[in-house]
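Have a look at the structure below before the remarks.
The structure presented is a predicted model; accordingly, all values stated were derived computationally and were not measured. To find a chain, count down the sequence lines: A is the first, B the second, and so on, and within it residues start at 1.
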Amino acid sequence: MDERKPPLYDPQAVEARWQAHWAAKRTNEPDLDGAERPFYTLMMYPYPSAEGLHVGNVYAFTGADVYGRFRRLRGESVFEPMGFDAFGIHSENYALSVNRNPAELIPENINRFRTQLKRMGLMLDWSHELSTTDPDYYRWTQWIFVKLLKAGLAYRKKAAVNWCPECKTVLANEQVIDGYCERHLQTRVELRFLEQWFFRITDSAERLLANLDSLDWSESTKALQRNWIGRSEGAEIVFGTPMGTEIRVFTTRPDTVFGATYLVLSPEHPLVDAVTAAEERAKVNAYRRAAAGQDIVSRRIAKDKTGVFTGSYARNPATRETVPIWVADYVLMEYGTGAIMAVPAHDERDFEFATKFGLPVRQVVRDEANSPLPIITWDGVLTASERFDGQPCREAVPAITAWLEEEGAGAARVQYRLHDWCISRQRFWGPPIPVIYCRACGPVPVPEDDLPVELPLIEDFRPDDTGVSPLARHEEWYFVPCPSCGAKARRETDVSDTFLDSAWYFLRYPSTDFDDRPWDSARTRRWLPVDMYIGGNEHAVLHLLYSRWVTMALHDLGHLPFAEPYRRFRAHGLIVKAGAKMSKSRGNVVIPDEYVAKWGADAFRIYLMFLGPYQEGGDFRDEGIAGARRFLDKVWAAVDEAAHREAEEPPKPVLKKLHQTIAKVTEDIEELHYNTAIAAAMEYLNTVREHGGAVQAAVDPLIIMIAPLAPHIAEECWATLGHEGSVFDARWPEADRALAIEDTVELVVQVNGRVRGRLHVSRGIAEPEAVTLARENVQRHVEGRTVRRTIYVPDRLVNLVVE
RNA sequence: GCCCGGGUGGCGUAAUGGCAGGCGCGGGGGACUUAAAAUCCCCUGGGGGCAACCCCAUGCGGGUUCGAGUCCCGCCCCGGGCACCA
C-alpha cells in the first residue's frame, strides 16, 4: 500500500492562485463581438451599502454563477457582468447620517464590494462593470427619459408625497411608521402635493399582463406581477343628479345595481364641490381637510368607517330611485373612478358603513343557504331586480350591463390596480431629470447633445424645508437659457427614481465600451434579451415590471428589436439563520468574509447551494458548513490518489454509479436543483471510496461536475490530474445510458400493498409470481388465501392482492 | 380577507402514484494516538420480539387506488406578497 501523505488542501492558497490566474488570463471575458454561442446570464446588481456584501447577495450571485459556469462547461460563451446600483435614498440617508457626501462615500463602498465579489470566485466580466452614478451611465438614463417624454409617455401631475418637517425632505412610504418619521419618532409626517413626473405604464397594463403567459419565469414571480397589475372586469355605471352632474362609478358587480342604495365619493373627487349642498358645505369641507391632513401610509390602514352626507341625491339608473351621495375616505381616488355605488347587502365595507350611518340595505342576491347579510358570493340568484329576478349572478352581469348600455347609463369596463409610475424624487442623490422650465415654452427636454445633465458635486446637499432640492440653491446650475427660445429658464431640480436606473442596466452591460450610444445594436442583437436572470422575489413587481415596461416602450419606439427583456427568470428563495430571520438587531447576520476566511469560498459556495432547494431558500447553520468542507477534503484526497495511480478502468459499480450521477447532476443543475446535485456528487464520491475506485477515469468527470459549484478547487484538481488549461474549457461529461443501467434489480414483493419481501432478479423477467411465492415470508402471508390479482411493475415490484 | 410557497427522524433536507428516510449536520460506539484534534469503521424514526419478523409513523379528517409523503375534497399551523382596489 502507498503510505504517501497527500498534500494538505489549503483553500486560501488555491483560491488566491486561481483568482489571480482568471484575472491575468481574462478568462471571464467572452468575445462580445464574435461569440458563436452567446449566453447572457444576469444577476441583480447590488446597492453598495456601507455594511458590505450581505450573505443574501452571495446566495443570489452564487446560484446565478453556478448556472453560468455550467452553461460555459456546456460549450457556450457566457457573459456574466456586474455593476452597482449606487444612486438612491438609501445611500443619501446613510451619507447624511455619517455626515459625509455620498459622492465620496459610494466609491469606497464599491471598492469594498468589488473585493468581496472577487473573493467569492464569481465568473464576472469586470471589463464591463458599471455604476449608475457614473455620468457615462446616467447620461443614457436621462436620454431614455427624454425619448419617453418626446413620445408622450411621460407627463406631469400633482401627487401626494410624505414630508418630514424634521428631515426637511420627502420620505418613501416605508420610512413612515404609524404616521411618524422613522428617524424622528416624535415627528408627524405631513402630506404635500407636488408636481411630479409620471410614466404612463397603465396604458400598457393589458400587454404587461398578457405577455406573462408566454414568459419562461418562475410562476411565483408571475403570480406577484399579475396580482400587482390587478385586472378586474366590471362596468362603469352612470348615476345622474338633478343638477345635471353625472357621477360615474366602477363596479365589478353590475348584477347588484338594483341594491345600490347610496353613492360614495372619495374626499379628493373633483365633483364633491359641485354636488355638496350649501347647508352641508362646512361639514364636508372639514371632512376633506381632515382626510388631506393624513400621511399616505396611515390613510391606507383599514379603520372605522367615517364619512359625511353631501346633502344631495342621484338617481339609480336601474331602480330609478333617488339615492343619497356621501363622501368617505374608504373610497380611494386612485382606483376606478374615485366613486362607488354602495351595495350594502352584498359588500362588507358598504354594509359596515350603512349600518353605522343608518342607510338602507336592500337585498338583491339570494344564496342557497339563505345566509344573513351581507352575502358576498357569485353563486347566488338575483331577487328584487325586476326582470332579472331569478338569474344567476354570473349570467346577469352581461345582461344587466347590456341593458344599462342601451339606456345610456353604463358600459362594460376593465379596471387595473396598477398605477402610473411616479419617477420624481425631491432628493439630491440621483440623476437630475433632464427638463428645463421656460416661462414661454413650458417644460422643454434638455437637448440630447447636452446630456448628461451632470449632478453638481455640491457640499451643501442637505435638504431644507423649502420643498425644493438643494440643487435650486446653486444658481449657476439652476438657471439656464431655454433650449427652444433662449430666454432665461430654470432646471428641473428633482432627480429620477433609482428604479429607472435599474430598468435598463442589463442593456448597457455589453456596450459599456461605447461612449457615443447607450447600446450598440450589433452587440445587443447578439446578446439580448438576457438568457437567464436570477434574483429575489423582493423585486418581482417594481424592478421586474418597470424594466419590462421600459424595454417595451423602447421597442415600440424602434430602439430595441425585442419587447421583453428576460427570456428566463428564476426566483431564488430566502435564507434564514438557524430558523430565524437575519437582522442586525438579532445579531445573527452571516458575514460572508468571516466564513470565507475560515472555510474557503468553495466550501462556502457548496454549503450555500446545499442547505436547501435554491428556489425555496433554506436555513443557514454554522455547523453545516463543516460537511461541505469535508466533502472537498475528500475530493482533494481522491484526486491526489488518482494522480499517483496507474490509469485503469474504474470498478464496474463505480462506472455504473458514474453514469447515473452524470445524468442526475446534469438534469439537476439545469433545473437549479443544486442541493440534490451536490447530494448526488457526494453519493458518487462515497461509492468511489467504498470500491477503491479513485482512478483518473472516475475522478475527472467528478471534477468537471463540481466545477460550477466549487470552481477554484476544481481548477487546482484539474491541473493535479495532469490536464492543460482551465477546467472550464473541458467538455461536460455525457451520461451513457447503457452503462448506467443495473443488470440485476431488487424486486419488492407486496401482499395487499405491504412489503413482505424482496428478491434479486435479472432485469426484465416476465413471470414473477412463481419466483415470488417461493419466498418464505411471502408464502406465510398468502397461505390459506386466494390470490385475486397480481400487479407487476416490471423491474420494480410485485403486489399480490389476496382474499 | 385575497394570492403564492411550505408542514417528513434530534436538525437542514431527499423521494417519475411503487421499498419513506438518500445526502449532510448532530449524537452514540469502536480503531489509530501518550493524549486530544483530524481521519477511518459501525450504529442512529418510535414500539414489540432471543430471533425470523411484526406493528406504528410524512400537520389533522375524509376520499380515489392493488398501492398515497405524492392525486382529490374539507380543515389546522408556519413563511412570504397584496390589502378599504369597489
Polar atom pairs (N or O), protein with nucleotides 36-45 of chain B, under 3.5 Å:
residue : atom : partner : partner atom : Å
B:C40   : OP1  : A:R689  : NH2          : 2.6

Inset, instruction - For A:A339 and for A:H781, locate the closest nucleotide of RNA chain B by heavy-atom distance; then report the residue assigned to the nucleotide nearer the 5' terminus. - result: A:H781

Inset, instruction - In whole angstrom, give the distance that lies between atom NE2 of A:H673 and atom C1' of B:A15. - result: 13 Å

Inset, instruction - For B:G9, measure the glycosidic angle (O4'-C1'-N9-C4 for a purine, O4'-C1'-N1-C2 for a pyrimidine) and name it syn if it falls within 90° of 0, otherwise anti. - result: syn

Inset, instruction - Look at the aromatic rings of A:H539 and A:H543 and report parallel, tilted or perpendicular, splitting at 30° and 60°. - result: perpendicular

Inset, instruction - Figure out the CD/P separation between A:Q660 and B:C23, and round it to whole Å. - result: 14 Å

Inset, instruction - Pick base, sugar-phosphate or nothing for A:R226, based on heavy-atom distances below 4.0 Å to the nucleic acid. - result: nothing

Can you pull every protein N or O that's under 3.5 Å from an N or O on nucleotides 4-13 of chain B?
residue : atom : partner : partner atom : Å
B:C11   : O2'  : A:R621  : NE           : 3.3
B:G12   : O2'  : A:L611  : O            : 2.7
B:U13   : O3'  : A:N675  : ND2          : 3.4

Inset, instruction - Report the residues that fulfil ring-ring contact (aromatic ring centres under 6.0 Å, His included) with A:Y546, sequence neighbours left out, ordered by chain and then residue number. - result: A:W421, A:F499

Legend entry - Close aromatic pair by centroid cut-off 6.0 Å: A:F604 and A:W599: no

Inset, instruction - Step by step, work out the ring-ring contact (aromatic ring centres under 6.0 Å, His included) result for A:Y595 and A:F620. - result: CA-CA 12 Å; A:Y595 290 84; A:F620 190 103; 5.2 Å; yes

Legend entry - side chain to side chain donor-acceptor pair (under 3.5 Å) contacts touching residues 570-583 of chain A (sequence neighbours left out): A:D216-A:R570, A:S583-A:S585

Legend entry - Side-chain donor-acceptor contact under 3.5 Å, A:D420 with A:T202: yes

Inset, instruction - Measure the distance from NE2 on A:H539 to P on B:G80 and round it to the nearest whole Å. - result: 17 Å

Legend entry - Closest-nucleotide ordering on RNA chain B, the 5'-leading residue of A:I678 and A:V755: A:V755

Legend entry - Whole-Å gap separating P (B:C23) and CE (A:M682): 10 Å

For nucleotides 65-71 of chain B, which of its nitrogen or oxygen atoms have a protein nitrogen or oxygen under 3.5 Å away, and what is each distance?
residue : atom : partner : partner atom : Å
B:C66   : OP1  : A:R789  : NH1          : 3.1
B:C66   : O2'  : A:N799  : ND2          : 3.4
B:C66   : O2   : A:N799  : ND2          : 2.5

Inset, instruction - Select base, sugar-phosphate, or nothing to describe what A:D350 touches, counting heavy atoms under 4.0 Å on all strands. - result: nothing

Inset, instruction - Have a look at A:K581 and say if it touches a base, only the backbone sugar-phosphate, or nothing, with a 4.0 Å heavy-atom cut-off. - result: sugar-phosphate

Inset, instruction - Would you write the dot-bracket representation of RNA chain B, where each base gets (, ), [, ], | or . depending on whether it forms a Watson-Crick or G-U pair under 3.5 Å and with which partner? - result: (((((((..((((....[...))))((((((.......))))))((((....))))..(((((..]....))))))))))))....

